[in-house]
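Here the structure comes first, spelled out in structure tokens, and everything after it is commentary.
Below, each value reflects all heavy atoms present in this structure, side chains not excepted, and no hydrogens, waters or symmetry copies.
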Amino acid sequence: MQTPTDTPALDLAAELRLPTNALDYTILAIYFVVVLGIGFAARRSVKTSLDFFLSGRSLPAWITGLAFISANLAATEILGMAANSAQYGAYTVHWYWIGAIPAMVFLGLVMMPFYYGSKVRSVPEMLLLRFDKWAHLLSSALFAFAAILIAGVNLYALAIVVEALLGWPQWVAIVVAGAFVLGYITLGGLSSAIYNEVLQFFVILAALIPLVVLGLKKVGGWGGLTDKLTATHGENFTTAWGGTGIGSDNPLGANWLTIVLGLGFVLSFGYWTTNFAEVQRALSAKNLSAAQRTPLIAAYPKIFIVFLVMIPGLTAAALIPGFGTPDSGYQYNDAIPYLMEQLLPNGVLGIAVTGLLAAFMAGMAANVSSFNTVFTNDIWARYVVRGREDDYYVRFGRLITVIGVAASVGTAFLASSFSNIMSYLQTLFSFFNVPMFVVFIVGMFWKRASAKSGFWGLLAGTVAAMVNYFWIYKQGIVDIPSDQGANFVSAIVGFVAGAVVMVAVSLFTAPKPAAELQGLVYGTRSPGMQEPPAAGDDAWYRRPALLGWGAIVLAAACYIPFSF
């Protein structure tokens, strides 16, 4: 089946070469010096494996909250969501206000007490406590594989973009970016990654805001933008819900049911609640309250970041007739680079290039740091070399970081079959995150779920999602209009298959003893989950429930202008 995204990925147009000068490169050089400086500074705090992999569980909520959102705000997110907007229009808001905020609130209010209270070092380790070693080993292997794939996406995208924009050969971009990520993670572990992610968050904003302002000015403001797009793409292109009735046609190729269930529930909750690249930031917080507030603090900028990535995509679609089609000379992924080349003066251009590179490095660093934690603690220390001194695992963590970066280079070109790289990422999430989420959610809320059901549910969900995508969709067995629509369906199929298999296996196998479920199933508590409030902790911004519900209400309010 041919879809708009069935073309080679990220072969950016040759005319997008940026007119960079010495000022732009000076800004870029300063940024790289600061990044390595943070790595060297963080190295002094690394004395144990807990320091290297989880920052000693010592960081304040505002640091972990900004790192949480920065780890997600990778260049694949920026380029991918701008591409989404150029291709699908204002439907992109669903990935934020339905596809992120509710799940982030759920993670903070419901799941973080289980993660943090149980003192696990990773998400797969939680499955070891709730189920058995087979569920733990399978989830660890799947996550480690997915982390390298996603890190490779960031590295591949960086190389192609830098080649097109700056003229650097691909291998130079790969070596430079990979070396800097490797350098600061190897030096300072997770603390270095997190403090760099806080810096990268502000650099990314400094890169995107001028694009939005100058882009809107170019097309005559928001009114001029919507008028142009309505005339060329139809009235549904600038609405969130227009044309999403079941059986109706719309640019996204999905109806309200698959948006709400596939994206809003299954894909969203699967990503935000079980993706260790995100959860790891919350686990590094100094106490349970700070861990709960981490995703909730991140939810507030997430509400508004959609405008910074959606408006450039819409602007590119308005300025170039048929943008993303072969006749236009541009692909959807060209939206951000095109506006950088057209609108930004030198100096500001240097900041934008730095922001783009910072975003690539943030995404890669998040996945590499989570990969080294899972591989070292959940695979190597648990099943291969057990009982060694703590220094050994710190050294091995640094070694596996080197291997992880090298493997990311090898997996980078697997992204080459997708013109819209966000489609590729959503495909990976439907394969790896959704099945893990169903195992978590069933195990967390159903005491009867047996130890053996975790492994079989995870395996069934992963296989079912892959079968739906590669056979039912790609072979045209069922007509699904787009890759993104197919991802929503694959997520639903994987979730349902995993849940059904878990229930069936549980009915024929023995449940875990009730004593082993304390603090692992909803309604039970462990001593580690009890935390008396500290003095002064009654301020509203320190209360997770108020923060969480406030984020949901604000996200819902933002939907109003885009609803019709």
| field | Residue pair Leu263 / Thr258, side-chain heavy-atom distance below 4.5 Å | value | no

| message | Can you give me the closest heavy-atom contact between Ala555 and Ile303, atom names plus distance? | response | N-CD1, 3.9 Å

| query | With a 4.5 Å limit on heavy-atom distance, are the side chains of Thr232 and Pro321 in contact? | reply | no

| query | Is Ser370 reaching over with its side chain to a backbone N or O of Asn367, donor-acceptor style, under 3.5 angstrom? | reply | yes

| query | Can you name the closest pair of heavy atoms from Phe323 and Ala317 and give their distance? | reply | CB-CA, 3.9 Å

| Close aromatic pair by centroid cut-off 6.0 Å: Phe265 and Phe437 | yes

| message | Please determine whether side chain to side chain contact (heavy atoms under 4.5 Å, CB included) holds for the pair Phe432 and Asn275, giving the CA-CA distance in whole Å, both sets of side-chain angles, and the decisive distance to 0.1 Å. | response | CA-CA 9 Å; Phe432 300 114; Asn275 182 13; over 6 Å; no

| field | Criterion side chain to side chain contact (heavy atoms under 4.5 Å, CB included) on Val353 and Asp24, from CA distance to verdict | value | CA-CA 8 Å; Val353 171; Asp24 301 314; over 6 Å; no

| Hey, what do you get for OG1 (Thr273) to CE (Met111), rounding to the nearest 0.5 Å? | 4.5 Å

| Set of side chain to side chain contact (heavy atoms under 4.5 Å, CB included) partners for Leu319, sequence neighbours left out | Lys218, Val219, Thr315, Tyr338, Leu339

| Residue pair Ile69, Ile305: steps toward the side chain to side chain contact (heavy atoms under 4.5 Å, CB included) verdict | CA-CA 10 Å; Ile69 191 63; Ile305 284 171; 4.0 Å; yes

| field | 4.5 Å side-chain heavy-atom contact, Glu235 and Thr239 | value | no

| Over all atoms of both residues, closest heavy-atom pair of Gly313 and Ala335 | CA-CB, 4.0 Å

| query | What distance separates Ser139 OG from Phe440 CZ, expressed to the nearest 0.5 Å? | reply | 7.0 Å

| Is there side-chain contact between Val467 and Tyr473, with at least one heavy-atom pair below 4.5 Å? | no

| said: Among residues at least two apart in sequence or on other chains, which ones pass side chain to side chain contact (heavy atoms under 4.5 Å, CB included) with Ala366? | reply: Ala71, Glu197, Ala277, Arg281

| When rounded to the nearest 0.5 angstrom, what is the spacing between OH in Tyr271 and CG in Leu107? | 11.5 Å

| field | Check: Asp227 main-chain N/O paired with Thr230 side-chain donor or acceptor under 3.5 Å | value | no

| Side-chain contact, heavy-atom cut-off 4.5 Å: Val493 with Tyr469? | no

| request: Mark yes or no for whether Asn468, through its side chain, and Ala465, through its backbone, hold a donor-acceptor pair below 3.5 Å. | output: no

| request: Tell me, please, which residues at least two apart from Phe143 pass ring pair (Phe, Tyr, Trp, His ring centres under 6.0 Å). | output: none

| query | Does a sphere of radius 6.0 Å around NZ in Lys302 hold more than 12 heavy atoms from other residues, nucleotides or ligands, not counting ones at 6.0 Å or beyond? | reply | yes

| request: Would you check, one step at a time, whether the test side chain to side chain contact (heavy atoms under 4.5 Å, CB included) holds for Ile148 with Phe371? | output: CA-CA 7 Å; Ile148 292 301; Phe371 165 79; 3.8 Å; yes

| note | Shortest non-hydrogen pair, Ser268 vs Ile98, comes out as OG-O, 3.9 Å

| request: Determine yes or no for a side-chain-to-main-chain donor-acceptor pair under 3.5 angstrom, with His94 supplying the side chain and Gly99 the backbone. | output: no

| query | Would a 4.5 Å heavy-atom cut-off, applied to side chains only, mark Asn236 and Tyr91 as touching? | reply | yes

| query | Closest approach of Gly270 and Asn433, non-hydrogen atoms and distance? | reply | O-CB, 3.4 Å

| message | Determine whether Ser490 and Ser430 satisfy the following criterion, side-chain hydrogen bond (donor to acceptor under 3.5 Å, both in side chains), listing intermediate values before the conclusion. | response | CA-CA 6 Å; Ser490 294; Ser430 70; 4.8 Å; no

| Closest heavy-atom contact between Ala240 and Val93? | CB-CG2, 3.8 Å

| Verdict with reasoning, Ser85 to Thr92, per side-chain hydrogen bond (donor to acceptor under 3.5 Å, both in side chains) | CA-CA 6 Å; Ser85 303; Thr92 298; 3.0 Å; yes

| query | OH of Tyr300 to CE of Met104: how many Å apart, nearest 0.5 Å? | reply | 11.0 Å

| query | Do the rings of Trp272 and Phe68 sit parallel, tilted or perpendicular, given the 30° and 60° boundaries? | reply | parallel

| query | Are the aromatic rings of Phe431 and Phe470 close, with centres under 6.0 Å apart? | reply | yes

| message | Please tell me whether Tyr88 and Phe237 form a close aromatic pair, meaning their ring centres lie under 6.0 Å apart. | response | no

| field | Pairwise distance CG(Leu211) to CG(Leu344) - rounded to 0.5 angstrom | value | 5.0 Å

| field | Sub-4.5 Å side-chain heavy-atom contact between Trp95 and Asn84 | value | yes

| request: Report yes if some heavy atom in the side chain of Leu343 is under 4.5 Å from a heavy atom in the side chain of Lys217; otherwise report no. | output: no

| field | Spacing of Leu349 atom CG and Leu28 atom CG [to the nearest 0.5 Å] | value | 10.5 Å

